[in-house]
K.L.:
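One structure is given below, represented as structure tokens, and several questions about it will come after.
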Amino acid sequence: MTTFRRTFFALLAASALALSACASEDATTSDSSDSGSTVEDPGTDGTAIGFIYVGPKDDFGYNQAAYQGSLAVEDEFGNDYEILQAENVPETSDVEQTAESMITQGAKILFFTSYGYKDYALNVAAAHPDVVVLQQGNTID
């Protein structure tokens, strides 16, 4: 793994944390499951950060690069957050179950690290407006 890749993923993760922590106090997100309630500053009251990989974390490829980024997050924020890892999670509804488990364990920031997780990541984001959901490899139309 090159220093550039490790630095890139570390900056990506750190940026996500910084953005969630710096959210405007006035920003609210409507939660449709609770008729009119709002969520302020999503991602800020968690005790864990979750990373979900489609393959093994040591595959010498994309999964390993994302894993290296998670280690950088752990180095920087490990005293404040538990870093949760899940490997070999298929691009099926299984990823939603994995995310739900991580949320139950206190994750308010989730990294879905596969292109094929897009629709499932959107489902989790819609169901949990208090959770910051980051999905690598796609754009939202």
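Keep in mind it's a predicted model, so treat the numbers as computed, not measured.
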K.L.:
Of all heavy-atom pairs between L84 and A107, which one has the smallest distance, and what is that distance?
P.N.:
CD1-CB, 4.2 Å
K.L.:
Decide yes or no for V132 and L110: does some side-chain heavy atom of the first lie under 4.5 Å from some side-chain heavy atom of the second?
P.N.:
no
K.L.:
Tell me, with the steps shown, if D45 and K108 meet side-chain contact (heavy atoms from CB on, under 4.5 Å).
P.N.:
CA-CA 7 Å; D45 62 344; K108 295 292 183 170; 3.5 Å; yes
K.L.:
What closest approach, in Å, do V89 and Y117 show between heavy atoms, and which atom pair accounts for it?
P.N.:
O-OH, 2.6 Å
K.L.:
Just verifying a value: how many Å separate K57 NZ and N88 CG, rounded to the nearest 0.5 Å?
P.N.:
10.5 Å
K.L.:
Which heavy atom of M102 sits nearest to which heavy atom of G50, and what is that distance?
P.N.:
SD-CA, 3.6 Å
K.L.:
Between E87 and P56 (side chain of the first, backbone of the second, donor and acceptor by atom type, cut-off under 3.5 Å), is there such a pair?
P.N.:
no
K.L.:
Roughly how far, to the nearest 0.5 Å, is CD of E91 from OH of Y115?
P.N.:
10.0 Å
K.L.:
From I52 CD1 over to F112 CZ, what is the distance, rounded to the nearest 0.5 angstrom?
P.N.:
4.5 Å
K.L.:
For T98 and A86, which heavy atoms make the closest approach, and how far apart are they?
P.N.:
CG2-CB, 3.5 Å
K.L.:
Consider only side-chain N and O atoms of Y53 and Q85, and report whether a donor and an acceptor are under 3.5 Å apart.
P.N.:
yes
K.L.:
Can you tell if the side chain of T113 reaches within under 4.5 Å of the side chain of V54, non-hydrogen atoms only?
P.N.:
no
K.L.:
Do you see a donor-acceptor pair shorter than 3.5 Å between the side chains of Q64 and D58?
P.N.:
no
K.L.:
Could you check whether any side-chain N or O of E96 sits under 3.5 Å from a backbone N or O of Y120, counting only pairs where one atom can act as donor and the other as acceptor?
P.N.:
no
K.L.:
Tell me yes or no: between the side chains of Q105 and S101, is some donor less than 3.5 Å from an acceptor?
P.N.:
yes
K.L.:
Considering only heavy atoms from C-beta outward, does the side chain of E100 approach that of H128 to under 4.5 Å?
P.N.:
yes
K.L.:
Can you see which heavy atom on G61 is nearest to which on D59, and at what distance?
P.N.:
N-OD1, 2.8 Å
K.L.:
Kindly check if the number of other-residue, nucleotide or ligand heavy atoms within 6.0 Å of CG (D80) is above 12?
P.N.:
yes
K.L.:
Whether the Q136 and S114 side chains hold a donor-acceptor pair (N or O, under 3.5 Å, no angle test) is what I'd like checked.
P.N.:
no
K.L.:
Can you tell me if S70 uses its side chain to pair, donor with acceptor, with the backbone of F51 under 3.5 Å?
P.N.:
no
K.L.:
Taking the side chain as every heavy atom from C-beta outward, state whether I49 and F111 have any pair of such atoms under 4.5 Å apart.
P.N.:
yes
K.L.:
Could you check whether any side-chain heavy atom of I103 comes within less than 4.5 Å of a side-chain heavy atom of V124, counting everything from C-beta outward?
P.N.:
yes
